[in-house]
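A quick write-up on the structure given underneath.
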Amino acid sequence: MTRDINSDLAGQFTGGSLSPVVLARVETAAGDVRMWSGIGVLDYAGEVWLGGGDFLGVSDITETADVQANGVTLSLSGVASEMIDLALRQVRQGKIAEIYIGALGDVATYGTAIIDGYSLHPDIVFSRASDATVVGADGVLDTVAIDVPRFAHDPATLNLMGYLGEGPRENIAINSNTALGGTGYAAGGNTAPNQSTGLSYPLDTAAYLLKADSGVTYRYQQSFIPVVGKTYTFSVYVAYEDGRDVSTEFGAPTIEASPLNPFTVIIWGEARTWDNIRKEPQPDGSLRIWQTRTIVSAVNRGWGVLIRDTHKAVASKLYVSGFQIEPDASFPSSYMPTVSSVFTRTADKLQILLANVSGYPGAGKAFTFVYEGWTAPGIDATQYLMALDDGTTESLVAIARAVGSGEIYLTVIAGGEQQAFIVGPTVVGQKHIRVVAKIETDNIGVTVWVDGENAGTFYGPDSDGSIPTGLTTLTVLDRSDGTRPGYGTCLGLWVYPWAAKKSDMRKLATGEIGFADYRKIAGGQMVGDAVRVFAGKTDVPLIEDDGASCTIGVTGESALVDLERARTRRYTDQDQQAEHTGDLGFAFVTRLQEMEISWGQGLE
């Protein structure tokens with residue numbers, strides 16, 4: 001069956017990209033129900049269509065050249081069982097059922113992915129002037145070359161955490177992952193917690209971490225000149241040569257005097273209890289243990305690791321596989337191997353010009369952006385998750401994490417004036433977060449979801465806020481001037497050229513709506529007129545119920561189905577007499593079936 005198709009819609013069907021949609025209208029006792037295959041609300045043809053997404057099902061629609069009645073079934077799955085009664089009461093036979101197909105405009109116009117998993121927008125510009133390391137999808141620590149972005153994975157599950165963006169850091173512990181050896185400077189002994197190790201100044205500041213053998217412990221130790229008042233983060237990697245998992249073997253012991261403890265971390269001459277250090281299992285079975293200390297005295301006693309006699313390298317192959325000292329840092333960053341000198345890892349910088357972001361509507365127009373990723377394990381200074389700015393702080397829209405409190409907040413500045421400063425929840429440590437921000441004049445707001453919790457309170461709106469003009473650059477995990485590195489990961493970042501509804505913001509934050517699916521919400525516009533591909537009448541509802549949820553369906557019958565039904569009335573005298581006694585209108589109909597009548601002959 002041929003149909004007239006609007007030229008704009010025909011252009012979508014024959015173009016290089018297509019975002020098709022299905023619309024269905026079903027008449028019920030309570031009025032029309034209109035749904036479409038996207039998510040959220042669609043305004044089309046002066047009506048509101050509710051999004052069914054993947055829960056809306058349409059059976060095959062068949063057309064033939066024959067006069068044949070072909071029906072179709074519409075279904076909605078995942079419906080609460082209490083809706084069965086409503087369906088039974090509202091769905092009627094013989095009501096109108098229609099199905100249309102159409103298309104949304106170019107999806108790039110209605111939402112742009114800056115980062116989507118491993119995928120980066122083709123116009124992104126990335127730079128880093130040094131090599132860097134990251135745990136790959138196979139659990140192996142990979143070295144990534146200059147100007148190549150890194151994608152981090154969870155050390156425990158190896159799930160993708162996203163693009164890794166860090167600021168500049170140093171490892172001042174030299175020969176950090178070379179084979180350990182040499183002779184020790186101190187006598188052995190089972191050092192009690194928080195007591196002096198007996199190390200004395202000066203130690204060889206050019207030596208790598210040295211191994212001192214005794215009847216009780218192996219003692220790995222090193223010294224360097226500290227700066228009083230400076231904060232250092234110490235990291236040590238402890239591993240088995242045979243690949244056994246250190247965490248599995250020892251769990252998390254807390255009593256240092258017990259011989260069950262495999263090792264003790266020494267920082268500034270004190271043996272630290274397990275309660276005072278952080279433990280991070282690594283995918284290769286090693287254990288990263290770290291602690292942050294601020295130097296309050298110039299006395300130099302060194303630092304290192306004591307391995308108990310029952311777990312020494314010569315016996316059970318437990319050894320130190322790497323170590324790192326990061327100055328001016330209150331939390332560790334990715335591992336930086338060193339050889340004979342200090343290594344400096346430069347900052348990651350990932351940016352894109354807003355002129356290349358089709359989802360950004362332009363100066364002064366409303367927009368929405370969504371961000372998903374993991375925060376840094378600690379915080380030294382304000383950390384930006386993402387920022388749109390003009391190269392200064394005169395025009396700025398940014399999501400950041402506040403120093404001290406760890407609160408996630410949205411800041412909007414236009415013409416050097418604060419338009420909105422909306423504070424969200426506090427995030428402590430490395431957490432999985434989603435942030436949804438709506439920038440609309442007099443209606444600026446943000447919703448935050450943290451580590452599996454429900455979306456936080458809808459923060460805002462700020463009725464006095466205005467949209468900044470002059471924004472030119474989007475930067476991920478920093479500001480364009482490079483002064484606010486985020487030290488986290490970004491799994492997804494999308495920009496949409498409309499102001500999100502409050503309900504949609506919560507659904508995006510909780511993951512009920514996917515970032516890619518959100519392109520098909522109210523911001524998307526139908527191209528041309530949708531084409532009707534089915535029109536018929538409703539039959540009885542079809543219901544499948546598993547106790548927790550159900551699927552409600554309705555069959556639409558073709559108008560041609562009437563031709564296949566037996567008639568209840570007949571053109572006979574008996575049928576006519578039942579309605580009109582004595583009427584002779586059909587008295588001779590039966591005889592007419594076999595009567596031979598000649599036309600056009602003259603009388604003889």
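Worth saying up front: this structure is predicted, and the values here are computed from it rather than measured.
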Which heavy atom of Phe331 sits nearest a heavy atom of Thr233, and at what distance?
-> N-OG1, 3.3 Å

Kindly give the heavy-atom pair with the smallest separation between Val134 and Phe151, and that separation in Å.
-> CG2-O, 3.5 Å

Show your reasoning for whether side chain to side chain contact (heavy atoms under 4.5 Å, CB included) applies to Gln418 and Thr411.
-> CA-CA 8 Å; Gln418 189 83 59; Thr411 180; 2.8 Å; yes

Could you tell me whether a side-chain N or O of Asp348 sits under 3.5 Å from a main-chain N or O of Glu166, the two making a donor and an acceptor?
-> yes

Look up atom NE2 in His432 and atom CG in Asp154, then write down how far apart they are to the nearest 0.5 Å.
-> 11.0 Å

Under 3.5 Å, is there a donor-acceptor pair between the side chain of Asp142 and the main chain of Val144?
-> no

Exercise: do Thr133 and Thr143 side chains pair donor with acceptor under 3.5 Å | no

Donor-acceptor under 3.5 Å (Glu170 side chain, Ile172 main chain) | no

Minimal non-hydrogen separation, Ala376 against Gly486, with atom names = CB-O, 3.7 Å

Is Arg169 positioned over the aromatic face of Tyr487, cation under 6.0 angstrom from the ring centre and no more than 45 degrees off axis?
-> yes

Would you check if Val397 and Pro468 make a side-chain contact, meaning some heavy-atom pair closer than 4.5 Å?
-> yes

Decide side-chain hydrogen bond (donor to acceptor under 3.5 Å, both in side chains) for Thr426 and Ser405; before the verdict, give the C-alpha distance in whole Å, the side-chain angles of both, and the deciding distance to 0.1 Å.
-> CA-CA 7 Å; Thr426 296; Ser405 66; 5.5 Å; no

Any side-chain heavy-atom pair from Thr344 and Asn171 closer than 4.5 angstrom?
-> no

Side chain of Thr469, backbone of Gly364: donor and acceptor closer than 3.5 Å?
-> no

Chi angles and distances behind the salt bridge (Lys or Arg N to Asp or Glu O under 4.0 Å) call for Asp147, Arg128 = CA-CA 5 Å; Asp147 292 336; Arg128 186 187 57 252; over 6 Å; no

Where do Ser330 and Ile379 come nearest, in terms of heavy atoms and distance?
-> OG-O, 3.5 Å

Donor on one side chain, acceptor on other, Glu326 and Ser333, under 3.5 Å = yes

Would you say the side chain of Arg288 lies within less than 4.5 Å of the side chain of Pro332, judging by non-hydrogen atoms?
-> yes

Residue pair Val412, Leu396: steps toward the side chain to side chain contact (heavy atoms under 4.5 Å, CB included) verdict = CA-CA 6 Å; Val412 180; Leu396 174 69; over 6 Å; no

Are Leu158 and Pro283 side-chain neighbours, meaning at least one heavy-atom pair lies under 4.5 Å?
-> yes

Point-to-point distance, once rounded to the nearest 0.5 Å, from OG of Ser127 to CG of Leu350 = 8.5 Å

If the plane angle is over 60° it's perpendicular, under 30° parallel, otherwise tilted; pick one for Tyr44 and Trp49.
-> tilted

How many angstroms lie between atom NE2 of His121 and atom CD1 of Ile352, to the nearest 0.5 angstrom?
-> 4.0 Å

Euclidean distance, Met505 CE relative to Lys507 NZ, rounded to 0.5 Å | 13.5 Å

Look at the rings of Tyr496 and Trp498 and say which category their plane angle falls in: under 30° parallel, 30 to 60° tilted, over 60° perpendicular.
-> tilted

Without swapping roles, check the side chain of Glu372 against the backbone of Val370 for a donor-acceptor pair under 3.5 Å.
-> no

Measure the shortest side-chain to side-chain distance between Trp374 and Met161 over non-hydrogen atoms and say whether it is less than 4.5 angstrom.
-> yes

Between Lys438 and the options Thr447, Asn443, Val446, the side chain to side chain contact (heavy atoms under 4.5 Å, CB included) test singles out Asn443

Take Arg25 and Asp32 through the salt bridge (Lys or Arg N to Asp or Glu O under 4.0 Å) test and state the conclusion after the steps.
-> CA-CA 7 Å; Arg25 179 177 79 92; Asp32 288 350; 2.9 Å; yes

Rounded to the nearest 0.5 Å, the CE atom of Met386 sits from the CG atom of Leu474 at a distance of 4.5 Å

Before giving the answer on side-chain hydrogen bond (donor to acceptor under 3.5 Å, both in side chains), spell out for Thr473 and Gln351 the whole-Å C-alpha distance, their side-chain angles and the decisive distance to 0.1 Å.
-> CA-CA 7 Å; Thr473 307; Gln351 294 182 314; 5.5 Å; no

State whether a side-chain donor-acceptor pair under 3.5 Å links Ser480 with Asp389.
-> yes

Side chain of Asp116, backbone of Ser119: donor and acceptor closer than 3.5 Å?
-> no

Check: Leu477 and Tyr371 side chains under 4.5 Å, non-hydrogen atoms | yes

Locate the shortest heavy-atom distance separating Gly378 from Arg401; write the atom from each residue and the value.
-> O-NH1, 3.6 Å

Using only heavy-atom distances, determine whether the side chains of Gln430 and Thr375 contain a donor-acceptor pair under 3.5 Å.
-> no

Drop me the distance from Ile124's CD1 to Leu353's CG, to the nearest 0.5 angstrom.
-> 11.0 Å

Any sub-3.5 Å donor-acceptor pair from Ser37's side-chain atoms to Val22's backbone N or O?
-> yes

Just checking, Arg34 and Tyr100: is the charged tip under 6.0 Å from the six-membered ring centre and within 45° of the axis?
-> no

Over 60° means perpendicular and under 30° means parallel, so classify the ring planes of Phe126 and Tyr163, tilted if in between.
-> perpendicular

Using only heavy-atom distances, determine whether the side chains of Ser334 and Arg345 contain a donor-acceptor pair under 3.5 Å.
-> yes

Hey, does the side chain of His153 reach the backbone of Val135 with a donor-acceptor pair shorter than 3.5 angstrom?
-> yes

Would Arg479 count as a cation-pi partner of Tyr384, with NZ or CZ less than 6.0 Å from the six-membered ring centre and within 45° of the ring normal?
-> yes

Is there a side-chain contact between Gln282 and Tyr237 (heavy atoms, below 4.5 Å)?
-> yes

Might you point out which heavy atoms bring Asp380 and Ala329 nearest each other, and give the distance in Å?
-> OD2-CA, 3.6 Å

Indicate yes or no for a side-chain donor-acceptor contact from Thr346 to the backbone of Ala129 under 3.5 Å, with no hydrogens or angles considered.
-> yes

Begin with the C-alpha distance, continue with both residues' side-chain angles, and end with the deciding distance and a verdict on side chain to side chain contact (heavy atoms under 4.5 Å, CB included) for Ile399 and Phe369.
-> CA-CA 10 Å; Ile399 294 292; Phe369 60 85; 3.5 Å; yes

Go through Ile433 and Leu385 one step at a time and tell me if the side chain to side chain contact (heavy atoms under 4.5 Å, CB included) criterion holds.
-> CA-CA 11 Å; Ile433 66 169; Leu385 306 183; 3.5 Å; yes

So do the side chains of Val236 and Trp290 get within less than 4.5 Å of each other, counting heavy atoms only?
-> no

Is the side chain of Thr441 donor-acceptor paired with the backbone N or O of Ser466 at a distance under 3.5 Å, no angle test?
-> no

